[in-house]
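Everything on this sheet refers to the single structure shown next.
A quick note: this is a predicted structure, and the numbers were derived from the prediction, not measured. Reminder, nothing fancy here: chain letters follow the sequence lines and each chain counts from 1.
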Amino acid sequence: MSWMKKRDIYLVIGMLLFAGALYGGYRLYVANLPAKAEIYYESKLIKTVLLDTGKEETFKVEESDHVTFHLYADGSIAFEHSDCPDQICVKSGKLHLVGQSAACLPNKLIIKIVPNNKNSKDDVDMIG
Amino acid sequence: MKNEDSKTKHMVLTAMLFATAIVLSIVESMIPMPISIPGVKFGLSNIVVMYAMFFLNKRDALMIAILKGVFAALTRGAVAGLLSLTGGVFSIVVMVVLMFILKEKGSYFLYSMSGALFHNIGQFVAISIIYTNMVWLYYLPILLVTGIIAGMITSVLLRFLLPALQKI
């Protein structure tokens, strides 16, 4: 069996083009929709944060004292601090595009950026 | 593996490979990642699974993947264990199917890449189920590109490690 074949290179190029097309579609049609952030604890929606308020603030959620969130004036949100060992959530950085998400698995928290045009009557809490 | 004491040798080798897989996943967790996206990893420990796939047998590879999942569950919690397990099982199933179809027409790179890609996709499927409504349009391109890169790394490493490993 060979290490690599010419066919593999074509396959890789094809996959890269496909990935590029998908990403282009995403950037054009999805990424810049008006957004809000949803915070989940144990897979349950516990908080919704509007991102376009221009406010800068740091907050926690009732369900977990281990994690601090930060809402930036530029409309992005991040895990600012967490006591988890891997710090993957903090390293995920600032999120602002629809579709982005960051998770703190040890603390069972996740942030998801979703389009803001959905009916929001079941939202638990609103900021801003 | 064809001599008389092959059974013992086999067991020891599987155990050793599993230990190597654990060490590699610890090493990997120390490498800072430019992006951190659920399901995206280099999959260094996949090298071990790959080696087992190619040079031991598919049952051993699956065994190592399952043990990895159990180890992750014990040390990092149920969610991490589930992710590790889905990733490992996904990648092995895809590689086995591909090997069955292509046989010698395949290449190490092709199998490594498919394994890495479906490891990530498997983990992402599990994350999507746990966290509902992940935006696939955003993640799929990233999973594809990182799968290709991880596959390249795995197959290159395998290529260099193979002469040493064959002496075992």
Test item: side-chain donor near acceptor, Y138(B) and S101(A), under 3.5 Å: no
Chain A contact via L110(B) - side chain, backbone, both or neither, heavy atoms under 4.5 Å: both
Crowding at NZ, K60(A) (>12 non-hydrogen neighbours, <6.0 Å): yes
From CA spacing to verdict: side-chain contact (heavy atoms from CB on, under 4.5 Å), L140(B), F124(B): CA-CA 9 Å; L140(B) 196 56; F124(B) 196 72; over 6 Å; no
Side chains of D8(A) and S107(B), donor plus acceptor under 3.5 Å: yes
CE/M63(B): more than 12 non-hydrogen atoms of other groups inside 6.0 Å: no
Residue part contacting chain B, namely of L97(A), when any heavy atom lies under 4.5 Å: neither
Most chain B-contacting option - heavy-atom pairs closer than 4.5 Å, from F18(A), Y23(A), W3(A): W3(A)
Chain B contact via E42(A) - side chain, backbone, both or neither, heavy atoms under 4.5 Å: neither
For S91(B), the option from Q123(B), M50(B), M53(B), H119(B) that meets side chain to side chain contact (heavy atoms under 4.5 Å, CB included): H119(B)
Neighbours of chain B found in residues 24-32 of chain A - heavy atoms under 4.5 Å: G25(A), Y26(A), V30(A)
4.5 Å side-chain heavy-atom contact, L85(B) and I66(B): yes
Counterpart residues, ring pair (Phe, Tyr, Trp, His ring centres under 6.0 Å), relative to F54(B) (two or more places apart): Y108(B)
